[in-house]
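Just so we're on the same page: letters track the sequence lines, and every chain starts at 1.
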Protein chains: 2
Amino acid sequence: MQSILENIAKHVTLTPEEQELFLSKTETKQFKAKTILLSAGEVATCTYFVNSGILRSFNINDNIIEHVLHFACEGWWIGDMYSYISGKPGNLFIEVLEDSEVVIITKENQQQLYQEIPKLERFFRILAENSLVAHQERLMDNLSLTAEERFEKFCSKYPSLIQKIPQKHIASYIGVTPEFFSKMKARLLKK
Amino acid sequence: MQSILENIAKHVTLTPEEQELFLSKTETKQFKAKTILLSAGEVATCTYFVNSGILRSFNINDNIIEHVLHFACEGWWIGDMYSYISGKPGNLFIEVLEDSEVVIITKENQQQLYQEIPKLERFFRILAENSLVAHQERLMDNLSLTAEERFEKFCSKYPSLIQKIPQKHIASYIGVTPEFFSKMKARLLKK
DNA sequence: AAGAGTACTTAACCTAGATTAAGAAATTAT
DNA sequence: ATAATTTCTTAATCTAGGTTAAGTACTCTT
């Protein structure tokens, strides 16, 4: 299990005191599968780091169709960045897919931490930049690759997820219906 | 015309000396339309801020099909973030669409500025976060909206661009072929 | 002003993926 | 264990948007 301090240490070096301070501004909680941590229409006041388990963020279109924005497994961050930084109601849900342990940072605490440990500005800058790059790549993939190619990329990027989550979520992530995904999978198995 | 200092002032406050220092680490250049500032396969060593004019970033698929990632008009930043932060060759082109004036910051200078003016970590964090939110929204739009709806969103988001750039670039940005875009536009005009 | 390139349109035909519907398999709850 | 719910599969039919191709209208050069 990768701790949040190890995650931070990938990009910036905190002193033991700073580490202590950081942890004191976080809260670690266990959640059962199917728990909804955030619903569309609410203002996101927290960011989440996954110690163990799996979360996903998604929105719901026309009150029917879900679209998965992001999966977060062990060692990943997740949240509704739009709502979090704007303070406005968002349109994302954040759901626990597997019993999980999650580190929670409130916006208020994060703002304080930025004052007290300026190095964290750098850390979260780097985090945002990396996430931006990942989203840019996914966007371009959606414009230029077939569903099959996107699925292959998904498999190599999230090999551990494939066995663990309902495949309808994977279909949603790569941008096809569950029915088409099923057909495509059958086609791939024949090869 | 919005200057780069005004752009920074939207999120952090620099002293006059810091402003001076910042500007000393930048270079402002004029470019003619059609100039390529960065090609796929090169390592991006700079980030660009548009004083006036229009730039775009795009990639080329199978050596044939272009996909526009981003347009940058007056007051916008543009670059190949992947290549810039990884130091590896990227797959984006950055092209000048209209005679433009561009502020250039090298990675080296940006790193120095982070040391000398830590507030800039915050500025670029906020910039990356905002950009991330925009990309997340565009990604979800591509998953859930029709081409027509994406075009409408494009129009309200970039009203000034529509008259200024070849419409094939708009087609590429919203993710359809120029032929389909033309057909769709004709259909919209009938309404 | 003529020519060359680039951008746009139109139309016929095609296909990846959506929709609808029904049944089968796997989970979950009791 | 069994019922209830959720997930997955299969198949027929449909459609948004792609492809190909040809013609038209712009821009740029020179």
Non-neighbouring partners of B/Y82 that pass ring pair (Phe, Tyr, Trp, His ring centres under 6.0 Å), sequence neighbours left out:
none
First contact, last contact: which nucleotides of DNA chain D are these for chain B, 5' to 3', heavy-atom distance under 4.0 Å?
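Extent of the interface on DNA chain D: D/dG17 to D/dA21.
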Which one of B/I117, B/L113, B/V12, B/L14 satisfies the side-chain contact (heavy atoms from CB on, under 4.5 Å) criterion with B/F123?
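The passing option is B/V12.
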Is the ring pair A/H169/A/F71 parallel, tilted or perpendicular, if the boundaries are 30 and 60 degrees?
tilted
Residue pair [X] / [Y], side-chain donor-acceptor N/O under 3.5 Å:
{"X": "B/W77", "Y": "B/N7", "answer": "yes"}
{"X": "A/Q110", "Y": "A/K25", "answer": "no"}
{"X": "B/E129", "Y": "A/Y84", "answer": "no"}

Indicate yes or no for a side-chain donor-acceptor contact from A/S86 to the backbone of A/K88 under 3.5 Å, with no hydrogens or angles considered.
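Such a contact is found between A/S86 side chain and A/K88 backbone.
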Between B/S83 (side chain only) and B/D80 (backbone N and O only), is there a donor and an acceptor less than 3.5 Å apart?
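No, the answer is negative, given that no donor and acceptor are paired below the 3.5 Å cut-off.
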Residue pair [X] / [Y], side-chain heavy-atom distance below 4.5 Å:
{"X": "B/T146", "Y": "B/F151", "answer": "no"}
{"X": "B/S57", "Y": "B/V68", "answer": "no"}
{"X": "A/L55", "Y": "A/I94", "answer": "yes"}

Determine to 10° how strongly the helix from C/dA1-D/dT30 to C/dT30-D/dA1 is bent, judged from the axes of its five-pair ends.
60°
Walking along DNA chain C from 5' to 3', note the first and the last nucleotide with an atom under 4.0 Å from a heavy atom of chain A, and give both.
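In short, chain A contacts DNA chain C from C/dG17 to C/dA21.
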Heavy-atom nearest nucleotide on DNA chain D for B/I65 versus B/K34: which residue maps closer to 5'?
B/I65
Can you pull out the residues from residues 157-182 of chain B that lie within a 4.0 Å heavy-atom distance of DNA chain D?
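B/G175, B/V176, B/T177, B/E179, B/F180 - these, ordered by number, are the residues of the stretch whose heavy atoms sit under 4.0 Å from the strand.
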At 4.0 Å (heavy atoms only), tell me whether A/K183 reaches a base, stays on the sugar-phosphate, or touches nothing.
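Touches a base.
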Lys NZ or Arg CZ of A/R56 over A/Y173 ring: under 6.0 Å, within 45°
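Judged by the rule (NZ or CZ under 6.0 Å from the ring centre, within 45° of its axis), A/R56 is not positioned above A/Y173.
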List the residues meeting salt bridge (charged side-chain N to carboxylate O under 4.0 Å, His left out) with B/K183, not counting sequence neighbours, and say none if there are none.
none
